[in-house]
Amino acid sequence: DYFDIGDYEILESSTDVRVYTRGSTGYTADTIFEVTNEYREVIYLKNIESIVAIGKNDTGFPNYPLKIRNPAHFIDFVDPELRDVHYELDAVMDHLIRHGNTAPYVGKLLIQHFGNSNP
């Protein structure tokens with residue numbers, strides 16, 4: 001629905017997942033997944049992974065002993081717009097609100113702040 005006509009076509013489809021690809025070549029870096037999550041919201045995921053490598057070995061040549069996954073972002077660094085910042089903030093807030101550790105963490109902080117301390 002959000003792609004130009006002819007750019008992507010449905011490769012596979014089920015109740016909660018649709019797979020879009022350019023042509024019928026199978027899964028590539030251009031593959032997009034339309035997923036209905038547990039909150040019944042439709043989200044789109046792209047089939048890419050971004051890695052940040054940090055560090056050097058003893059000889060000075062890059063060995064990259066530390067590799068971490070770079071989270072996806074919505075902000076275009078070449079041509080940033082306020083709209084992109086709103087999308088980024090919405091994605092972070094959704095992640096924080098729905099993460100399984102958020103409620104226990106916030107609860108612990110509230111108990112520490114408002115709790116009764118009797119030595």
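Just so you know, these numbers come straight off a predicted model, no measurement behind them.
Here the rule is side chain to side chain contact (heavy atoms under 4.5 Å, CB included) with Leu11, and of Thr31, Thr21, Ile32 only Thr21 fits it.
Using a 4.5 Å cut-off on side-chain heavy atoms (C-beta onward), Val19 and Ile10 make no contact. You'll find the side chain of Asp16 reaches within 4.5 Å of the side chain of Arg40, heavy atoms only.
Between the CD atom of Glu38 and the CZ atom of Arg98 there is a distance of 7.5 Å, given to the nearest 0.5 Å.
Under the 4.5 Å side-chain heavy-atom criterion for ILVMFWY residues, a single connected hydrophobic cluster contains both Tyr8 and Val42. A single hydrophobic cluster is not seen to contain both Val92 and Tyr87; linkage of ILVMFWY side chains at heavy-atom distances under 4.5 Å, directly or through other members, places them apart.
The two residues Asp79 and Asp84 come nearest to each other via the heavy atoms O-OD2, 4.3 Å.
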Result block: side-chain N/O donor-acceptor pairs under 3.5 angstrom for residues 99-112, not counting sequence neighbours:
| unit_1 | atom_1 | unit_2 | atom_2 | d |
| --- | --- | --- | --- | --- |
| His99 | ND1 | Asn101 | N | 3.1 |
| Thr102 | OG1 | Leu96 | O | 2.4 |

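Side-chain polar atoms of Glu34 and Tyr20 form a donor-acceptor pair below 3.5 angstrom. Side-chain atoms of Tyr27 and Glu12 include a donor-acceptor pair closer than 3.5 Å.
With salt bridges taken as basic N to acidic carboxylate O contacts below 4.0 Å, none links Arg83 and Glu88.
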